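Data first, discussion second: the structure below is written as structure tokens.
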Amino acid sequence: MNKPVKRIGVLTSGGDAPGMNAAVRAVVRTAMDQGIECIGIRRGWNGLIHSDFVTLTPSSVSHTINRGGTMLYTARSKEFMQPEGRAQALSTCKLLGLDGIVAIGGDGTFRGALALSRQAAEAGMDLKVVGVPATIDNDIGCSHYTIGFDTACNTAIDAIDKLRDTMQSHERCSVVEVMGRHAGYLALYVGIAVGATAVLIPEQEVNFERDIVEKIRRARLAGSTHYMVVVAEGAGSAIDIGKQIHESIGIDPRVTVLGHVQRGGSPTARDRETASRMGYYAVMALAENKGNRVICTKDGKMMDMDMEEALQMVKPFPMKRYEILEALTITNSSRK
Ligand code: F6P
């Protein structure tokens, strides 16, 4: 069961994230360096079910490190959640002679990878899977950092800085909704970086009077004539929050839902560099005959860990950052 890995597949699955291409590039080039062939599986797990693949060479990933999106396309596969779909995927693995897979994506992608590897083992196949965390939500329990988060933060910051210019000119209140699924990392980091008046995140229970009305009042008392409210999509709808602000304070906020713009764009230095290292570590794990692993970062170090364990981990919420945000968003007058 422990033959050296000769040919691997690489795929991107779930929501795309800037830096996925850099990770694919690193997988392809590290594989080549290790004498391992690499096949690109297109459209996530669906590609494995439907034999949708492309041969990748070091030159076919040239000039991709700077590109957002994913050159392999991505999808969320319902078929793959069923044993029949995974059986079909295993047939494709056999057909292509794959003995390893690098799956780049979020926790849904890793759950799929683990289910596939278990089904492969039951069928007597030696298929090793390694996950690379990539999602703008930064919500993977085992890893401090996920590919795409930094770029998404910068995209949101850039948009909010622009909104601030016009809000300042018109002396308005802006309510901006950022992505993050059920997590508030994006809103928290962005809120700190733009100096928001108020930030709502799902990890903290929202008290509208305390968390918004009071903060706007205090900012107003301190002399501010424009206000920036950042709402994580998991904490509520910016449209509803805007209406509530109008009803309680009488000001007429402008609402912006940043949406999928946060998923695009050329990856930042941090995302290119992290993705390149994660791709390298993923192939090295396979080259060392390790399977069911996830690449993760912890205290600035990169490592691989057991996939099942990784999937059970809950990311500790950065409470200190929330306290800092609170300290910085409450205007001086509130402390008197
Ligand atoms: O997980 C990434 C993410 O962008 C979330 O922040 C968001 O909730 C979701 O995907 C949106 O998914 P879709 O692309 O299906 O609209």
Side-chain angles (χ1 to χ4, degrees), residues 11-24 42-47 67-81 103-113 131-160 175-191 193 199-203 206 230-241 255-268 270-271 274-275 278 294 296 310-311 313-315 317-318:
L11 59 86
T12 51
S13 167
D16 62 352
M20 277 182 161
N21 283 326
V24 171
R42 305 200 305 176
R43 302 181 173 85
W45 296 117
N46 278 341
R67 280 171 41 201
T70 161
M71 62 180 285
L72 292 177
Y73 305 96
T74 186
R76 295 186 174 101
S77 175
K78 287 210 172 91
E79 256 181 301
F80 195 74
M81 289 178 184
I104 304 168
D107 49 7
T109 304
F110 302 160
R111 270 192 288 275
V132 169
T135 161
I136 65 160
D137 304 334
N138 201 22
D139 62 349
I140 307 283
C142 66
S143 189
H144 282 176
Y145 190 75
T146 62
I147 297 165
F149 179 66
D150 188 57
T151 309
C153 282
N154 280 294
T155 301
I157 289 165
D158 184 50
I160 294 174
V175 183
V176 184
E177 184 177 306
V178 300
M179 276 188 168
R181 206 168 41 153
H182 307 300
Y185 299 97
L186 203 48
L188 178 61
Y189 280 59
V190 165
V199 179
L200 301 186
I201 53 173
E203 291 82 358
V206 177
V230 175
V231 183
E233 64 174 338
S237 138
I239 296 174
D240 294 344
I241 305 284
V255 174
T256 308
V257 179
L258 288 184
H260 290 79
V261 72
Q262 293 159 102
R263 290 237 297 261
S266 179
T268 58
R270 181 170 189 190
D271 280 326
T274 307
M278 284 186 164
V294 177
C296 50
L311 278 168
M313 286 173 77
V314 178
K315 199 168 197 159
F317 186 71

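Atoms within each ligand, like the ligands themselves, are counted from 1 in listed order. Since the structure is predicted, the reported quantities are computational estimates derived from the model, not experimental observations.
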Close side-chain approach of [X] and [Y], heavy atoms under 4.5 Å:
X	Y	value
D16	T12	no
H260	M179	yes
D137	T146	no

Query raised in the report: Does Q262 approach ligand 1 within less than 4.0 angstrom via side chain, backbone, both or neither, non-hydrogen atoms only?
Result: neither
**Report entry** Per atom 10 (O) of ligand 1, closest listed option by heavy atom (R263, E233, M179)
**Finding:** R263
Query raised in the report: Which residue holds the protein heavy atom closest to atom 6 (O) of ligand 1, what is that atom called, and what is the gap in Å?
Result: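 So the nearest neighbour among protein heavy atoms is D137 OD1, 2.7 Å.
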**Report entry** For atom 15 (O) of ligand 1, the protein heavy atom that lies nearest, with its residue and separation
**Finding:**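 Looking only at protein heavy atoms, the one closest to atom 15 (O) of ligand 1 is R76 NH1, 2.6 Å.
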Requested in this report: Decide whether an N or O pair under 3.5 Å exists between G180 and ligand 1.
Outcome: yes
Report task. Establish, from distance only, whether the side-chain atoms of D271 and T151 form a donor-acceptor pair under 3.5 Å. Result ->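 Yes, because at least one side-chain N or O of D271 sits under 3.5 Å from a partner of the opposite role on T151.
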Query raised in the report: Which ligand 1 atoms are under 4.0 Å away from a heavy-atom of H260?
Result: 13 (P), 14 (O), 16 (O)
Query raised in the report: Any side chain to side chain donor-acceptor pair (under 3.5 Å) pairs touching residues 182-191, not counting sequence neighbours?
Result: Y189-R321
